[in-house]
There are 2 protein chains.
Amino acid sequence: MADVAATAGVSLSTASLAFSGNKPVSAATRERVLSAAAQLGYTGPNPLARNLRQGRSGVVGIAVGPLSTAFRDPAALPMLDAVSQVLEREGLGLLLMGEGDEHAALPLDAVIYDICGRETWDAYADLAARDVPVVVVEGPSWPGSTFIDIEHHAGATALARHLHDLGHRRVATVTLAPSHPQREREAGLREVFPDAAVVGACESDLTAAQELVGPWLDHGPGATAVVCQSDVQAAGVVLEARRRGLDVPGDLSVAGFDGVATPWLDLELTTVVQPLAEKGRAVARAVLDRISGTDTADVLLPVELRVGGSTGPARS
Amino acid sequence: MADVAATAGVSLSTASLAFSGNKPVSAATRERVLSAAAQLGYTGPNPLARNLRQGRSGVVGIAVGPLSTAFRDPAALPMLDAVSQVLEREGLGLLLMGEGDEHAALPLDAVIYDICGRETWDAYADLAARDVPVVVVEGPSWPGSTFIDIEHHAGATALARHLHDLGHRRVATVTLAPSHPQREREAGLREVFPDAAVVGACESDLTAAQELVGPWLDHGPGATAVVCQSDVQAAGVVLEARRRGLDVPGDLSVAGFDGVATPWLDLELTTVVQPLAEKGRAVARAVLDRISGTDTADVLLPVELRVGGSTGPARS
DNA sequence: GGTTAGCATCGAAACGATTCGATCGAATCG
DNA sequence: CGATTCGATCGAATCGTTTCGATGCTAACC
């Protein structure tokens, strides 16, 4: 850049201002600097140097766990998309992180933790020590981080009431690994069905749900409704039940969570719809606030019961 | 770090060596430096400064287009996962990029271009001017970039032969937007069926495929087999055909591409299996080579025909 | 005992910008 | 016409490391 400045006949500082536009530079001077740059093949300020000087990298990490499982559930995408869009508008990039701390040496301005189901994270101590802002999505409560959450409890209770209204009295539930959302939702469910049976826990994955629920169905379920923790799980239960000749919702009502589209199912699932895009935007806003030093408040987003065709009156 | 060095009674350079381990430092000295750091609450070298000095950021960009569509097709994940794993092992992070050049100000050591279906990219000129290595996946051929590709042509031809062997003579195809893979595959198909009809183009999305193929099915297809460009598209065709009472493969044979799992379909698709994880690894290796300045060769990965239950003898 | 190796350590020069405070002119105002 | 203001420009300090070449010191060798 010094060469560019010299060629343009201005000082180094003026050249810098011409590129960054941080302070007023006369149009003529800017023009001169830019053409000198073009002539010398200078492609603009080195991002690394700019980063060092400014103390920020423009990169935000997002911990989502193993990628192949993280994005298998379609519920992950709208949120990721929203986060990315808001950050992009501010010139920030989104860096995918695994679960480990292999990225400790990378310069991150903030980190989003979105591995539902994992309650511990070795890398958190490092981040905290280095004063990297952390935004946690539906996650464990770590000191110093900002939390974005949804109304797990209320949603689960609303869904349970719906089933109770339909006459269901014996209800089973497919769970996720023990985690903050799981605990909240289970508590919500038990407000209405204190004795709900637990089929077992599995990831939010179609095949996993099928494998989990198959034996339970064979064994004679003893429940008229199954409450799942994601629409993908619910779809697995529907498919597996049908494979055994059961009618949904005639013989068995099935409910999901999330409110994502399942176009390959000829049935709209009864589910608890969460505002995925809005959640992503809330996360991104929290990140921006934390980076800029603004105070942040935790966010709790509302959910909404959507009644579809997968639940019906309890078989008497 | 200067304070740490002073506290430990060593020079700044020695302290640096103690942290980076780039040159021999006596165990005693290292220990002294580390404990001084712990005592002063120093959390290790500032990544931004290290980056400036070393001229690299440790971040690799990957352009995949809008995230919500990029990962909707399950074929994208195994590759992304493989890329990420290999890069992570080298301490490199993966940054998601949209299609624009909003990330021009970010310090990227290399960029992977994986937006099949887009043939132009404004940001490429910038990257080339800044000598950022670019690795292109199944994409347009830009000067200076390294290419990772699969055998589109051979795969399509093998699939076409399979259909021909089954007695099919009138074949239709659902395409992607005009692009390198699309052109190659169509050429491969036409080696066997020069007159194959084109139903239309759509993204690799279940609903999109259904909407595209619906009217065509209603209209009386005049083909006994449909060749799709992804398994997701093929699944859409299967579902839509069945909705019209057509039997697959009895009335209509349907073939896909990619070889991903479709657990919600009670049918294994006949498809061309591409080595997704190996493709990802090849991409990552190319990135590492380009970053380290090693010469790279373009890669062409083999594909394999997998015959499933979605294709059968042509209805006579 | 003198030379040579070799290891640990150190000083100083980059890396390439941004930014603060000061300076210099020209325009505005009374 | 002199004082004030404001915008444009400049100098110099700074961001926090890594790394190159040099230096000192010990140990091994003949």
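What you see is a predicted model, and the numbers here were worked out from it, not measured in a lab. Below, chains carry the letters A, B, ... as their sequence lines are ordered, and counting in each starts from 1.
- With sequence neighbours excluded, the residues satisfying side-chain contact (heavy atoms from CB on, under 4.5 Å) with A/S11 are A/S13, A/T14.
- A/E151 CD: more than 12 foreign heavy atoms inside a 6.0 Å radius.
- A donor atom on one side chain and an acceptor atom on the other are found under 3.5 Å apart for A/E88 and B/H103.
- The outermost nucleotides of DNA chain C lying under 4.0 Å from heavy atoms of chain A, listed 5' to 3', are C/dG16 to C/dT19.
- A/R285 has a carboxylate O that lies under 4.0 Å from a charged side-chain N of A/E278, or vice versa, which qualifies the two as a salt bridge.
- Under a cut-off of 6.0 angstrom, the local environment of CD in A/E203 is sparse, with at most 12 non-hydrogen atoms contributed by other residues, nucleotides or ligands.
- Using cut-offs of 30° and 60° for the angle between ring planes, the A/H152 and A/H180 rings count as perpendicular.
- A/W121 places none of its side-chain heavy atoms less than 4.5 Å from the side chain of A/P140.
- In terms of the side-chain hydrogen bond (donor to acceptor under 3.5 Å, both in side chains) criterion, residue partners of B/R290 (sequence neighbours excluded) are, by chain and number, B/T146.
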Applying side chain to side chain contact (heavy atoms under 4.5 Å, CB included), run through B/M79 and B/V137 and close with a yes or a no. CA-CA 11 Å; B/M79 169 176 150; B/V137 185; 3.9 Å; yes
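- Pairs passing the side-chain hydrogen bond (donor to acceptor under 3.5 Å, both in side chains) check and including a residue from residues 27-40 of chain A, sequence neighbours excluded, read A/S26-A/T29.
- In this structure, the helix from C/dG1-D/dC30 to C/dG30-D/dC1 shows an angle of 30° between the axis at its start and the axis at its end, each fitted on 5 base pairs and rounded to 10°.
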Base contacts versus sugar-phosphate-only contacts with protein, heavy atoms under 4.0 Å: please encode nucleotides 14-25 of chain D as B, S and - from 5' to 3'. BBBBBB------
